[in-house]
Amino acid sequence: MTQTLCQLENPDAFIRRHIGPDIEQQQQMLHQIGASDLSTLVASIVPENIQLAASPLQLPPASEHQALSELKAIAAKNLRFKSYIGMGYSAVHTPPVILRNLLENPGWYTAYTPYQPEVSQGRLEALLNFQQVTLDLTGMDVASASLLDEATAAAEAMAMAKRVSKRKHANKFFIAKDVHPQTIDVLKTRAETFGFELVIDDAERACDHHDLFGACLQYCGSQGQLHDYRPLIASLSEQGVIVSMAAEFMALVLLESPGKLGADIVFGSSQRFGVPMGYGGPHAAFFATKEAFKRAMPGRIIGVSRDVQGNTALRMAMQTREQHIRREKANSNICTSQVLLANIAGMYAVWHGPQGLMRIAQRIHRYTQILALTLQQQGLKLRYAQWFDTLTIEVADKNAVLQRAKQQHINLRTDLPNAVGITLDETTQRADIVTLVEVLLGRELSLDFAQQDVAACQQSIIPEGLRRNDAILAHPVFNRYHSETEMLRYLHKLERKDLALNQAMIPLGSCTMKLNAVAEMLPITWPEFAELHPFCPTHQAAGYLQMIEQLSEWLITLTGYDALCMQPNSGAQGEYAGLLAIRRYHESRQQGQRYICLIPASAHGTNPASAQMAGMEVVVVACDAQGNIDVEDLRSKASEAGENLSCIMVTYPSTHGVYEQTIREVCEIVHQHGGQVYLDGANMNAQVGITTPGHIGADVSHLNLHKTFCIPHGGGGPGMGPIGVKAHLAPFVPGHSVVSSTLLTEQGAVTAAPFGSASILPISWMYIRMMGGEGLKQASSIAILNANYIATRLAPAYNILYSGPDGRVAHECILDIRPIKERTGISEMDIAKRLIDYGFHAPTMSFPVTGTLMVEPTESESLVELDRFITAMLAIRQEIEQVANGVWPLDDNPLVNAPHIQQELLTDWSHPYSREVAVFPTATDNKYWPTVKRLDDVYGDRHLSCSCVPISDYQ
Ligand SMILES: *Cc1c(COP(=O)(O)O)cnc(C)c1O
């Protein structure tokens with residue numbers, strides 16, 4: 001048969017690469033579950049009143065190469081100027097060994113958040129390194145494993161200061177004027193919803209203000225100035241004010257640690273440790289505090305614990321404190337953070353070691369000294385006398401300076417009156433200094449570097465009292481891996497400890513661990529995207545803005561909304577931004593009294609945590625026995641709230657994995673009472689192309705681009721959580737105080753950069769471009785097919801907790817382990833850990849219902865892999881029966897002893913089952929070996945240690 005030219009051109013080739021089962025396998029699966037064809041299956045599951053006839057997006061698919069070349073042409077519109085703007089973002093050299101073996105390596109970037117420590121020891125160690133770097137550089141006692149960015153970390157520090165301050169009646173928070181403007185912007189937004197009063201003044205005047213519960217200082221200041229804050233911090237502390245300090249890793253290599261200066265909380269950006277600027281992100285913020293405040297910290301902390309055999313093992317410490325469990329009582333709504341970027345920063349320190357970092361930091365400082373000295377010799381005036389890498393230079397004819405800078409393809413900081421700012425970085429070279437001098441002087445100058453170096457060495461710009469004199473990074477991990485061979489092997493050693501998507505399916509409910517195609521990943525490291533400063537003139541970012549605008553339009557179409565805000569850099573951040581828009585909207589209509597947020601009992605923990613942050617009060621709506629929202633309860637709670645009803649937050653399909661038939665009615669009831677509908681978009685993978693939140697009747701949603709739209713999880717971040725809104729909410733979404741663009745509103749910001757983690761947006765752009773409108777619909781349909789295939793095949797062995805009409809599920813299903821546990825004593829935890837022996841990552845455990853496992857296969861898993869998983873689950877079910885039948889005792893069987901590690905095979909084997917059953921329950925090829933046994937959670941919670949294991953344990 002002759003194929004048409006169009007078939008030969010094969011524009012939909014990518015769709016078949018993205019989707020696991022081929023047409024024949026789809027038929028086989030449909031047959032197995034008793035469905036005639038795919039569209040009938042989907043039509044029978046999705047409520048009729050919300051289905052769309054066709055995918056709303058009219059976009060043809062493109063092959064990988066075509067999409068890449070289209071995006072390359074867009075990227076080429078970005079102008080790669082050298083940016084000396086500073087303000088928290090600097091150019092870097094990402095060490096190639098880290099670039100290829102970590103950032104571009106699916107073993108690292110496709111991993112999930114380390115909830116299952118037994119399959120996560122590698123990235124947990126990498127995060128522990130990051131925490132150790134944080135501890136050494138900040139001089140604090142406890143550090144966390146990354147927050148979203150410096151500005152949001154500042155907001156978390158403010159909230160934490162309120163929690164721990166003994167001045168319970170104080171309601172004012174002080175911000176020093178020289179904190180980065182974008183940080184002040186985010187602090188303003190957050191203070192508004194918490195009801196805090198902000199005082200912004202010169203740092204020296206902090207003590208003149210009364211009723212402060214906390215303060216925020218920046219070290220060095222945004223314009224470079226370096227102060228000795230010891231006396232100020234001492235007097236603030238004396239008054240009971242909690243002092244938080246923004247800092248930056250590279251400067252801290254040379255400077256006295258904030259801990260020694262007396263700060264209570266230290267946070268900042270780790271971007272300069274090898275992470276490209278990427279037009280604003282993603283980058284990891286670090287966060288550290290004193291021992292006494294550790295339980296009030298936001299975000300996740302990696303702790304050193306032990307496994308049941310007493311071996312040292314790492315885990316997320318005190319994780320139960322976080323939003324999943326504590327809901328509106330959580331310290332923050334942080335879920336996805338910045339693991340991949342924290343790992344890069346930590347590895348940058350491992351690679352360079354203390355001497356290497358010292359050399360880099362000193363070189364930056366020396367170049368800055370030489371530049372300063374030269375300019376002063378030529379009669380220019382510096383506004384500050386003490387600095388690390390940033391100069392504020394007074395200029396008579398600023399326009400002329402900026403004109404010359406432009407000719408040299410250089411960006412300086414321009415927002416300072418009668419002055420320009422220059423921040424040097426690790427990429428700065430002698431020739432750059434020469435150019436900068438010419439730009440500032442307006443004439444050539446022959447610079448004798450040797451002579452200037454001698455002169456610079458005689459100056460001491462950093463005062464004695466602010467110079468670091470303690471050793472940093474003495475731990476062996478920072479002193480061992482300095483040859484590339486050693487480093488390569490260290491990275492690989494950690495990678496091998498972990499189970500990521502390059503090994504097996506990760507069947508996590510709600511998290512959509514689908515394919516992250518290489519063609520989607522390639523553009524993020526293109527220099528056209530990686531090297532842009534977020535505050536460069538917007539015309540230099542024309543490619544970015546075009547890509548963002550196009551992606552926004554596609555997402556608007558796919559969600560049925562009218563506008564989209566591309567700022568929030570996680571789903572939870574999107575929730576916060578969306579609730580904020582609702583709040584501002586009500587206020588604009590003189591309805592500011594609306595403060596009640598209805599949330600179904602089944603909601604994800606970030607929902608109530610975000611509502612609390614947005615200054616709302618959470619009222620829980622019951623679910624019925626089928627897991628659906630109890631509409632009668634909703635009706636009465638909504639009418640009880642009445643004039644005070646702000647909104648409802650619902651997830652659709654529900655976290656129970658069903659398309660609720662009543663969703664339209666739910667929206668109507670809330671609207672009738674003047675409330676707004678926030679639809680949590682984490683489950684968009686069951687909607688794209690089939691229905692839209694806008695069509696369903698919602699007003700605002702966040703999209704987890706790191707779930708449905710293919711940004712990899714990175715081991716727990718980065719993410720992007722843009723929000724789609726109906727027109728009436730559009731004026732109230734976040735804007736930005738530093739950058740103005742037609743794509744931004746005039747409102748305050750929720751994150752540091754105007755477009756959040758802009759540099760990972762090409763991933764979602766590529767995905768949509770390659771799939772096209774119909775391809776996306778097909779993806780959602782196969783996600784539903786895959787989930788129903790699993791549900792149908794497992795139903796004889798496991799109770800499927802919730803289902804819709806015809807007993808069908810949506811794109812995920814919940815296996816109820818409670819009856820099994822009651823009868824046999826084997827728990828969902830035992831099954832989850834036993835799956836590791838079979839080579840799988842555990843499903844989501846005990847969410848949204850305790851004692852259950854939630855499975856979401858996604859469209860990307862092939863029939864072969866689904867069958868492998870099903871076989872494992874059925875085999876495990878048989879093993880449970882062996883326990884029930886008394887063949888194996890309840891306290892000694894392959895389930896409760898799971899996972900099994902290599903070492904225990906060498907000891908006297910006294911279990912009532914064989915070694916083969918323990919470690920090779922199915923096939924022997926492609927075996928995944930966990931490196932630790934089950935973690936001892938109780939021990940870990942009692943003994944928090946978040947620094948690298950002692951050197952004595954190491955040898
Ligand atoms: C993942 C998820 C969130 C939170 O998103 P993050 O990006 O992790 O902050 C919120 N709601 C639901 C239902 C989710 O699955």
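In each ligand, atom 1 is the first atom listed, and ligand 1 is the first ligand listed. Please read all numbers here as calculations on a predicted model, not as lab measurements.
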*So His604 and Thr606, side chain to side chain donor-acceptor pair (under 3.5 Å) or not? Walk me through it.*
CA-CA 6 Å; His604 193 267; Thr606 53; 2.8 Å; yes
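Here the two rings, on Phe755 and His736, have centers that are 6.0 Å apart or farther.
The single protein non-hydrogen atom nearest to atom 11 (N) of ligand 1 is Asp680 OD2, 2.6 Å, given as residue, atom name and distance. When only non-hydrogen protein atoms are considered, atom 5 (O) of ligand 1 lies nearest to Asn704 ND2, 3.0 Å.
In this structure, His841 and Tyr112 have perpendicular ring planes: the angle between them is above 60°, well past the 30° mark. Between Tyr585 and Phe732, the angle of the ring planes goes over 60°, which puts this pair in the perpendicular group of the 30/60° scheme.
For the pair Arg808 and Tyr659, the NZ or CZ position fails the cation-pi test of under 6.0 Å to the six-membered ring centre and within 45 degrees of the ring normal.
Contacts between His706 and ligand 1 below 4.0 angstrom, taking non-hydrogen atoms only, involve the side chain exclusively. Of the heavy atoms in Thr336, both backbone and side-chain atoms come closer than 4.0 Å to ligand 1. The backbone and the side chain of Ala572 each have at least one atom closer than 4.0 Å to an atom of ligand 1 (non-hydrogen atoms only).
Considering both main-chain and side-chain atoms, Cys335 never comes within under 3.5 Å of ligand 1 through any nitrogen or oxygen pair. No N or O atom of Gln573 sits closer than 3.5 Å to an N or O atom of ligand 1. Of the polar atoms of His702, none of the N or O atoms is found under 3.5 Å from an N or O of ligand 1, judged by distance alone. On a distance-only criterion, Lys707 and ligand 1 share at least one N/O pair closer than 3.5 Å.
Counting only N and O atoms by type, the side chains of Glu828 and Ser846 include a donor and acceptor under 3.5 Å apart.
Panel note: side chain Asp680, backbone Val650; no donor-acceptor pair is recorded below 3.5 Å.
Using a 4.0 Å cut-off to heavy atoms of Gly571, the atoms of ligand 1 that qualify are 5 (O), 6 (P), 7 (O), 9 (O). Using a 4.0 Å cut-off to heavy atoms of Thr606, the atoms of ligand 1 that qualify are 3 (C), 4 (C), 10 (C), 11 (N). Close contacts of ligand 1 with Glu575, meaning ligand atoms under 4.0 Å from a residue heavy atom, involve 10 (C), 11 (N).
With Asn331 as the partner, the side-chain contact (heavy atoms from CB on, under 4.5 Å) test is satisfied by one option alone out of Arg163, Met160, Glu156: Arg163.
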